[in-house]
A.B. asks: 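I'd like to ask some things about the structure below.
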Amino acid sequence: MLEIKNLTASINEKQILNGLNIRIKPGELHAIMGPNGSGKSTLANVLSGKNGYKTSGELKYKGKDLNDISIDERAQQGIFLAFQYPTEIPGVKTNNFLRTSLNKIRKARGEKEVDALSFLKIIKEKSNELGMDEKMLSRQLNVGFSGGEKKKNEILQMKILNPNLVILDETDSGLDIDALKIVANGVNTSRDKTNSFLVITHYQRLLNFIRPDFVHVLSKGKIIKSGDMKLAEQLEKTGYTGII
Amino acid sequence: MKNQNFDQQKEYKYGFTTDIENVKAPKGLSEDTIKFISKVKKEPKWMLEWRLKAYERLKVSKEPNWQKPKFSKIDYQDLYYYSAPKSMKDKPKSLDEIDPKLIETYNKLGIPLNEQKKLSGVAVDAVFDSVSVATTYKEELTKKGIIFCPISEAIQKHPDLVKKYLGSVIPVTDHYFATLNSAVFTDGSFVYIPPNTKCPMELSTYFRINASETGQFERTLIIADKGSYVSYLEGCTAPMRDENQLHAANVELIALDDAEIKYSTVQNWYPGDSNGVGGIYNFVTKRGVCRGKNSKISWTQVETGSAITWKYPSCILQGDNSVGEFYSIAITNNHQKADTGTKMIHLGKNTRSKIISKGISAGKADNTYRGLVDIHRKATNSRNYTQCDSLLMGNKCGAHTVPYIKNKNSSSTIEHEATTSKINEDQLFYCNQRGLNQEEAVSLIVNGFCKDVLQQLPMEFAVEAQKLVGISLEGSVG
Amino acid sequence: MINKIIDRFEIKRLKTLTKSEETYRKNCLDIFNRLGLPSKRDEDWKFSDVNEIFSKNFNKFNFESVKSKNQNVEFIKDLEHNYILVSNGEVVSSDFKYEDKDKINLTQFKNEDFSKKNENNSLIYLNHALSEKGYSLNINKDYKFKKVLVIYNYFSSELNENFLNIRNKIKLSKNSELHIINFIIVSSSKKFFSNTYEETVLEESAVLKNIYLQDNVNDGYFHKFARYKLSKRSNYSSHIFPSGPKFNKFDLEYDLSGDESECKIIAATFLDQNDHQEIKTKVNHLAPNCKSYQKVKKVVSGESKGVYQGKIYVKDIAQKTDAYQLSKAILLSENSEFDSKPELEIYADDVKCSHGSSSGSIDEESIYYLMSRGLNKIESTKLLVEGFLSESIDTIKSTAIKKFLQTKLTSQIK
């Protein structure tokens, strides 16, 4: 699904990723943990194609080179980023936005666009699955949402857009336990043999609910240690200083 | 006909020309031209005298020069002041008699005039250059006592109403272009809503400039009698030409006690090409007076076209408890210039006004909001709220906010807020990440930015206006 | 009738002019005579028609300079300060007792120190033509004042329909720092007009703080045009508090021409009777990463009129500009008026610019609250007005100056 070889990235002359390697197969869920400033969010941004970064190295998605592909094309090909700080867009209704987005992605996949009515059905179904109130979707996109609501909205979008590669950028931070369970539930019910997850987090907390196949520790822009859930548990006990 | 740049300018889809034989007044501005217009319109003597009085005034007045966009000198003697399809000379009695080319033109513009195909819920008066071509739903409206007809017809059939109200809001002497219009106006719409009547459908005028070297001098007069309500829309387009064409309209609204007028404009005149060649000079005077108590006038405008837009739809809040509103979106791209805003003159007690203005500037364009809020000494307990937001795309364009705020009443409150910013990178990134390309993302974000104004438009226009917002900004973000 | 066309004789009267200076002054006078006194036909004077105001209140203008016999000035107590005493525009004494005097240079102004820009304000041309008095103050590189400098601007009792043209120049060299209190004291009980033109230059990283203050109610008419040039990383802030004169217009223009320069203008005034006061600011963002801030508060009572015209201009290269402007007014009486024109002209896209302006009556709820606690209506109003205006003093760091200003401000509120 995703193969990264010797990836470097810098922004404003500042080197952040220093030769990062990772390989994610379909059906796998990888967790990337690391202290503040280790390059976690940069990795998420670079994968989604955000402007402003200078990169080198190999970045392959579904066997194709990602480097010259724009942000929206990556999204259309199934890369979904759940933002750490979802942006507020005043005046734009969440459900209108989401339907535009869904239809762009469906079109790219060669599927038929959905009309307003069937879209409403999809929304109802997915928000029920997550135990969320669909009323949120008739509000302006992320405007006036609490931190938790914004994160839940990201997960709902993920469910509706049905991507192949999901990157969760610290989606768990700032959530209370109920919201955390909704997020975890969203991830767990979406997992299957055809899609992959890259979960970026600072804490082990979320991992207790979603059980990763692999856990990597990121430090100074490099993966310094890889393992399974045991590694996350060890980190929780000793902290990052014990490993780095 | 000079119609180059057609291919590059595919975004302006109304740029075609209808090839039709015209009857024109002799070129140039003179007493003879005015007499010619008055004669073809079969006007009574008082109307001609009114026009000539305006012409006398025009001779001694000067073009205003305080506005920000400067324009190349207009040679008033090198213009046609009247141009109408030859087939319209003897007024066709029914739609069947109208030249099929004209019907086809309006079909192409999305305004079918045929009985079978006409828009539901919207009565349309179609004005082609200097003449009204057709008015739909006339009978249904007549049953309710509503008058909706070309102003040239109203002058003949309803002289008392016209005499009483024409020029009562915009005096003949107001300023150069208003005076010019008074002397040479050709056609436009007349609306009268009788007391306690709610107009059952949207009334709409569609203005089309077709002939070259011709100015369009539209005159519209809307009177809402006591306790009545009307919602009126206007739309405008013109062919693409490399000359600048003048559109100098006067629009007067009068709301009596407890009456309400909602006036919406989607202005999409040809804006000129990407090098700033051609396009309409849209110099328009629009003013409404809330003459009666508890009356309300609400202006909504979406200004995306024209080389230069220069207009200030205003409200004179004369009646106690009257309300004035102004909702505006002005989008300028390439070399377009807009200097637009409103005047809210509070004279009566407990009068309220609200101004929401959204200016978007891209390319090398220049966008100015200019407005006046004036609360007079006797307008106790009055209120104004103003919000002006500007969005800039790139650093070759400009945004200018020039509000004049005068408060002479200690029990009245004025609040004004304005911001200028660029389109937010984070918002663009978020939209891109959800699969929208750059242009779609810009269109979506700008539509969100304009939402407070767009939602004021009647449903029939809102969808069209939203698309227009996106189209107008195409190619503005690289 | 006032003499609106001014004779060239007024220039001849000035002594020791070089040939070129005389020609320059004559040209400027011709321009003034062509333009006339500013009136509401001029965009910048829409709210203050000087032509009308002067025609109504003056019989004639007298351009002769006036020497005062003695200066009846009460120096500020309880505040250690240096001072310059200026009488009718002319420096009569100064004392920099807390400072290193070698670092400071105070002289009579020299015309060649001033820029010769094209203006659209005719009063500036009149000043160019006829100015006689004024000072030039230079602060050396790296010198930071230890104590505040109070400039006493004294207008003597001999003044009677005099028209004074005063010009000053202040230059802060690189990395220097100065705090000024501009204190206006009027002894004349007659009408007079003071027309001041001032230029201030802040070199790299210089810091200037300026407080304007007026002592008492008087029959003076004041117009001051001041132009500030801010170089890289320099910082200017000013507090404007004067109330009292019949007519007062501040026309202030700031050129933020160096990267990362900052300017801040705070005003709080109380107007009464038929006072007419206008503050006009124009902030030109000419370089990237600069910041500007204006906050103007006015309370108008009696038949007074308060005006604020504030313009923010952002040049296309001035990216990352952060500009903010707010004006707020309370109208206390039926015949008072507040007008404003907050203007933005912006050509750079990566900017944060906003302005707000509000005016209205005093908050009735608050009055009600205070009255329910036993204060009468006048006391309640006074307390609220004081609170409204005093906020402007909070940003001043020095407690001694703050205390002094608080008493001054409170005494202005009637």
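Naming: A, B, ... by sequence-line order, numbering from 1 per chain. As the structure is a prediction and not an experimental result, all values here were calculated from the model.
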A.B. asks: Under a 3.5 Å threshold, yes or no: a donor from one side chain and an acceptor from the other, between B:Y385 and B:Q387?
C.D. replies: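 On atom types as modelled, these side chains qualify, holding a pair under 3.5 Å.
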A.B. asks: Please classify the contact of A:E88 with chain B as side chain, backbone, both or neither, using a heavy-atom distance under 4.5 Å.
C.D. replies: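 Just its backbone gets close to chain B.
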A.B. asks: A:N142 versus chain B, heavy atoms under 4.5 Å apart: side chain, backbone, both or neither?
C.D. replies: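 Only the side chain of A:N142 comes within 4.5 Å of chain B.
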A.B. asks: For A:P86, is it the side chain, the backbone, both, or neither that has a heavy atom closer than 4.5 Å to a heavy atom of chain B?
C.D. replies: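 For A:P86, heavy atoms of backbone and side chain both lie under 4.5 Å from chain B.
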A.B. asks: Report the option among A:I105, A:T87, A:N51, A:N45 that has the most heavy-atom pairs separated by less than 4.5 Å from atoms of chain B.
C.D. replies: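 Top option by heavy-atom pairs under 4.5 Å: A:T87.
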A.B. asks: Would you please classify the geometry between the B:Y430 ring and the A:F83 ring as parallel, tilted or perpendicular, with 30° and 60° separating the classes?
C.D. replies: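 Judged by the thresholds at 30° and 60°, the geometry between A:F83 and B:Y430 is tilted.
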A.B. asks: Tell me, side chain or backbone of B:C450 under 4.5 Å from chain A's heavy atoms, or both, or neither?
C.D. replies: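 When you check distances to chain A, no heavy atom of B:C450 falls under 4.5 Å.
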A.B. asks: Can you confirm whether B:K311 sits close enough to B:N282 that some side-chain heavy atom of one is under 4.5 Å from a side-chain heavy atom of the other?
C.D. replies: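 Yes, their side chains come closer than 4.5 Å.
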A.B. asks: Identify which part of A:Y85 has an atom lying under 4.5 Å from any heavy atom of chain B, answering side chain, backbone, both or neither.
C.D. replies: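 Neither part.
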A.B. asks: Verify the distance criterion only: is there a donor paired with an acceptor across the side chains of B:S231 and B:E202 at less than 3.5 Å?
C.D. replies: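 Yes, because at least one side-chain N or O of B:S231 sits under 3.5 Å from a partner of the opposite role on B:E202.
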A.B. asks: Assess the side chains of B:Q267 and B:S306: does a donor N or O sit below 3.5 Å from an acceptor N or O?
C.D. replies: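 Distance-only check passes for B:Q267 and B:S306.
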A.B. asks: Are B:W299 and B:F326 an aromatic pair by the rule of ring centers under 6.0 Å?
C.D. replies: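 No; B:F326 has its ring centre 6.0 Å or more from that of B:W299.
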A.B. asks: Going by atom types alone, do B:K467 and B:S443 pair a side-chain donor with an acceptor below 3.5 Å?
C.D. replies: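 No, B:S443 and B:K467 have no side-chain donor paired with an acceptor closer than 3.5 Å.
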A.B. asks: What part of A:L81 gets closer than 4.5 Å to chain B, counting heavy atoms only: side chain, backbone, both or neither?
C.D. replies: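 For A:L81, heavy atoms of backbone and side chain both lie under 4.5 Å from chain B.
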A.B. asks: Can you tell me which of B:D452, B:L436, B:I445 forms the most heavy-atom pairs within a distance under 4.5 Å of chain A?
C.D. replies: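 So the answer, after comparing B:D452, B:L436, B:I445, is B:L436.
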A.B. asks: May I ask you to check whether B:Q301 and B:T340 show a side-chain donor-acceptor distance below 3.5 Å?
C.D. replies: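 Per modelled atom types, B:Q301 and B:T340 side chains form a pair under 3.5 Å.
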A.B. asks: State, without any angle test, whether B:S472 and B:N333 hold a side-chain donor-acceptor pair at a distance under 3.5 Å.
C.D. replies: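 On atom types as modelled, these side chains do not qualify, holding no pair under 3.5 Å.
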A.B. asks: Exactly one of A:I22, A:I223, A:L17, A:I24 should register a side-chain contact (heavy atoms from CB on, under 4.5 Å) with A:I4. Which one does?
C.D. replies: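 The side-chain contact (heavy atoms from CB on, under 4.5 Å) with A:I4 is passed solely by A:I22 among A:I22, A:I223, A:L17, A:I24.
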A.B. asks: Considering only heavy atoms, which portion of B:Q455 lies under 4.5 Å from any heavy atom of chain A: side chain, backbone, both, or neither?
C.D. replies: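 Contact with chain A: none, neither part.
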A.B. asks: For the candidates A:G49, A:A108, A:S70, A:S48, which exhibits the highest count of non-hydrogen atom pairs separated by less than 4.5 Å from chain B?
C.D. replies: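 Among A:G49, A:A108, A:S70, A:S48, the one with the most close pairs to chain B is A:S48.
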A.B. asks: Under 4.5 Å, heavy atom to heavy atom: which of residues 37-44 of chain A reach chain B? Give them by number, or say none.
C.D. replies: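 The stretch does not come within 4.5 Å of chain B.
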A.B. asks: Quick one: do A:E149 and A:R139 make a salt bridge, cutoff under 4.0 Å?
C.D. replies: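 Yes, this pair counts.
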A.B. asks: For A:Q157, is it the side chain, the backbone, both, or neither that has a heavy atom closer than 4.5 Å to a heavy atom of chain B?
C.D. replies: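 Contact with chain B involves the side chain of A:Q157 alone.
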A.B. asks: So, A:N188 and A:S190: side-chain donor and acceptor under 3.5 Å apart, yes or no?
C.D. replies: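 Distance-only check fails for A:N188 and A:S190.
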A.B. asks: Could you tell me which portion of A:I79 (side chain, backbone, both or neither) has an atom closer than 4.5 angstrom to a non-hydrogen atom of chain B?
C.D. replies: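 For A:I79, backbone and side chain are both near chain B.
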